[in-house]
There are 2 protein chains.
Amino acid sequence: MKKNNITPITGQTLSEQVFDELKEAIISGEITQGSKITEDMLAKKYGISRGPLREAIRKLEGIRLLVRIPHAGTRVVTLTQTMMEEIYTVREALEGMSARLAAERMNDAEIDNLRQLLEKHESNIDQSEGKEYFQREGDLDFHYCIARASNNEFLMQLLSSELYQLLRICRYQSSQAPERPLKALNEHRQIVEAIANRDPELAEILMRRHINGAWNIVKNLFKSENDKSTLKKEYS
Amino acid sequence: MKKNNITPITGQTLSEQVFDELKEAIISGEITQGSKITEDMLAKKYGISRGPLREAIRKLEGIRLLVRIPHAGTRVVTLTQTMMEEIYTVREALEGMSARLAAERMNDAEIDNLRQLLEKHESNIDQSEGKEYFQREGDLDFHYCIARASNNEFLMQLLSSELYQLLRICRYQSSQAPERPLKALNEHRQIVEAIANRDPELAEILMRRHINGAWNIVKNLFKSENDKSTLKKEYS
DNA sequence: TAAATAATTATTGTTGACAATATCCTGTTT
DNA sequence: AAACAGGATATTGTCAACAATAATTATTTA
């Protein structure tokens with residue numbers, strides 16, 4: 001195999017490049033959840049030595065995308081329903097706070113930008129029926145904007161570099177209810193209005209409801225999945 | 001210098017041992033905030049090679065105790081007032097949720113244990129007047145118990161492995177208001193009562209107030225520090 | 001045949017050397 | 001004297017070999 005299979009972005013260290021590549025490979029499902037990874041295999045795949053690879057693995061472990069057992073090996077995280085519920089719960093707390101802060105701190109120009117983002121999402125929903133991927137990344141766009149608007153660097157990093165990555169894994173493995181995008185858009189609108197009215201209390205409540213609602217959808221999808229498989233079992 | 005200065009705990013990897021040692025050195029202030037650390041120096045100090053050391057550094061970077069600039073170097077984090085406010089804000093969101101979950105999930109026996117913990121703290125306050133250290137670790141004990149009682153592994157890890165470490169740094173560098181421990185104990189009692197009454201709503205609100213109050217104390221300490229130094233400046 | 005145990009293999013942990021990069025110092029130029 | 005350029009030095013990034021540990025297989029024994 002040829003060496004240096006990774007895209008060489010100038011200024012980035014090998015460890016960082018592999019970190020990014022591996023992260024995307026995990027999130028996209030290219031590397032299956034729960035599968036065991038060996039350092040040798042990855043080092044060969046990416047054409048680097050094990051040193052920088054191990055550093056990348058440690059960082060991935062830090063943001064919970066890999067689970068490592070000393071001396072034994074490391075596996076890609078397996079997102080169980082329990083874990084997903086935990087993630088959504090933490091998300092509710094963190095993004096609720098983020099919406100509150102946004103309502104306290106955003107100025108008119110920033111709120112205007114947020115409104116424009118929602119308009120763009122609306123036209124996207126009209127045009128790209130069924131193209132879940134873009135709608136979902138759009139959704140994350142909105143949440144990312146609020147997180148940034150909180151003006152709390154720590155909060156934003158926690159959300160963007162840890163939580164949202166896990167969330168993207170959830171999304172890659174569960175399909176979406178067809179009526180959800182429009183409902184989500186309306187909820188986003190309500191949140192923006194609360195922010196525009198400088199109502200931190202309400203902004204937080206609405207954001208928390210919004211995320212709770214999203215979790216209920218995902219949970220139900222899980223349930224119907226289970227029902228289907230038990231049904232199948234009964235007939236086989 | 002003799003080799004292997006670190007305490008050799010069986011089963012732990014060198015990287016993990018150095019991770020723990022370095023973490024404590026940073027939190028206790030043994031390594032000054034903002035000071036630059038070089039890999040060679042640390043490798044010699046702990047008597048290991050740079051490989052495992054770098055892994056430990058990456059992990060410390062992951063929990064925000066070190067700040068690293070590629071190719072340039074890595075420094076111990078400097079906790080500014082802004083950062084501390086950010087930490088307390090995130091903490092408010094996370095621990096508020098954790099108290100809510102605790103109120104939903106804890107059983108009678110667990111609540112009893114919590115009450116006993118508070119009694120122990122009370123007698124500690126009576127006995128160890130002025131011994132801030134134990135009182136503060138006691139405070140963290142309480143919060144850690146609630147976090148564990150949330151029964152949300154993700155939330156608990158976020159709190160204990162990231163937030164509480166940063167919090168301990170804050171505490172090492174700011175002295176405490178003398179009347180705070182008793183006030184804190186009472187607030188803890190209120191929270192436990194809300195949990196005992198299975199009132200998640202109230203438990204969350206009280207916890208958020210409690211943490212907000214703690215932040216206000218710290219903030220005021222900062223302010224009086226600043227006042228003192230400006231005063232000094234005027235006279236010099 | 002099944003369980004226990006020893007040998008083998010695969011994988012991770014650790015090291016020291018080398019390469020690449022940034023920082024610091026020195027000398028030159030304007 | 002200040003600013004810039006270039007080289008020396010220190011520091012980080014990368015590699016490949018070696019050591020230690022865990023998983024696997026083969027072997028022996030009850």
Side-chain angles (χ1 to χ4, degrees), chain A residues 1-23 25-26 31-32 34-62 65-77, chain B residues 1-23 25-26 31-32 34-62 64-78:
Chain A
M1 194 183 288
K2 202 174 138 252
K3 280 212 164 186
N4 254 25
N5 294 7
I6 51 182
T7 51
I9 299 162
T10 329
Q12 274 214 104
T13 187
L14 278 184
S15 159
E16 286 168 328
Q17 290 171 40
V18 164
F19 172 81
D20 290 338
E21 298 252 345
L22 251 177
K23 193 175 73 178
I26 292 169
I31 308 181
T32 321
S35 64
K36 185 175 175 180
I37 61 176
T38 69
E39 295 176 0
D40 248 336
M41 163 203 143
L42 285 181
K44 268 182 194 129
K45 178 173 175 187
Y46 292 113
I48 62 169
S49 75
R50 282 176 49 223
L53 180 69
R54 280 171 70 93
E55 291 178 12
I57 288 175
R58 287 299 184 290
K59 275 178 76 180
L60 259 351
E61 196 194 345
L65 257 35
L66 291 178
V67 178
R68 203 174 58 88
I69 298 143
H71 294 285
T74 121
R75 296 183 168 278
V76 177
V77 67
Chain B
M1 195 182 287
K2 202 176 135 250
K3 279 213 163 186
N4 254 23
N5 294 8
I6 50 182
T7 51
I9 300 162
T10 330
Q12 274 214 107
T13 185
L14 278 185
S15 159
E16 285 169 328
Q17 289 171 40
V18 164
F19 172 82
D20 290 338
E21 297 254 343
L22 251 177
K23 192 175 75 177
I26 293 168
I31 308 182
T32 322
S35 65
K36 186 174 174 180
I37 61 175
T38 70
E39 294 176 359
D40 248 335
M41 163 203 142
L42 285 180
K44 268 181 193 131
K45 178 173 174 187
Y46 292 112
I48 62 168
S49 72
R50 280 175 52 222
L53 180 69
R54 281 171 69 92
E55 292 177 13
I57 288 175
R58 286 300 183 290
K59 275 178 75 179
L60 260 350
E61 195 195 344
R64 297 177 171 78
L65 257 36
L66 292 179
V67 178
R68 204 174 58 89
I69 298 143
H71 290 118
T74 121
R75 296 184 168 279
V76 177
V77 67
T78 317

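Partners of B:Arg68 by side chain to side chain donor-acceptor pair (under 3.5 Å), not counting sequence neighbours, listed by chain and number: B:Glu61. Annotation: side chain to side chain contact (heavy atoms under 4.5 Å, CB included) contacts of B:Arg50 (sequence neighbours excluded): B:Glu39, B:Asp40, B:Ala43, B:Arg54.
Residue-level contact check: B:Ile57 touches neither bases nor backbone, having no heavy atom under 4.0 Å from any strand. Within 4.0 Å of B:Thr74, counting heavy atoms only, lies no atom of the nucleic acid at all. Using a 4.0 Å heavy-atom distance criterion, B:Ile37 is classed as a sugar-phosphate-only contact. Among the heavy atoms of the strands lying under 4.0 Å from B:Pro52 is at least one base atom, whether or not backbone atoms are also near.
For B:Arg75 and D:dT12, the CZ to P distance is 11 Å, given to the nearest whole Å. Atom pair A:Leu42:CG and C:dT11:C1' shows a separation of 13 Å (rounding to whole Å applied). Taking atom CG of B:Leu53 as the reference point, atom P of C:dG16 lies 13 Å away to the nearest angstrom. To the nearest angstrom, C1' of C:dG13 lies 7 Å from CZ of A:Arg50. Note: CZ (A:Arg68) to P (C:dT12) measures 10 Å, nearest angstrom. To the nearest angstrom, C1' of D:dT21 lies 16 Å from CD of B:Gln12. The nearest whole Å value for the distance from the CE atom in B:Met41 to the P atom in D:dT12 is 10 Å. Between the CZ atom of B:Arg54 and the C1' atom of C:dG13 there is a distance of 16 Å, rounded to whole Å.
The shortest heavy-atom contact between A:Val18 and A:Tyr46 is CG2-CB, 4.2 Å.
Taking 4.0 angstrom as the limit, A:Thr38 places none of its side-chain polar atoms (N or O) nearer than this to OP1 or OP2 of C:dA10.
By the 4.5 Å heavy-atom criterion applied to side chains, B:Val67 and B:Thr74 are not counted as neighbours.
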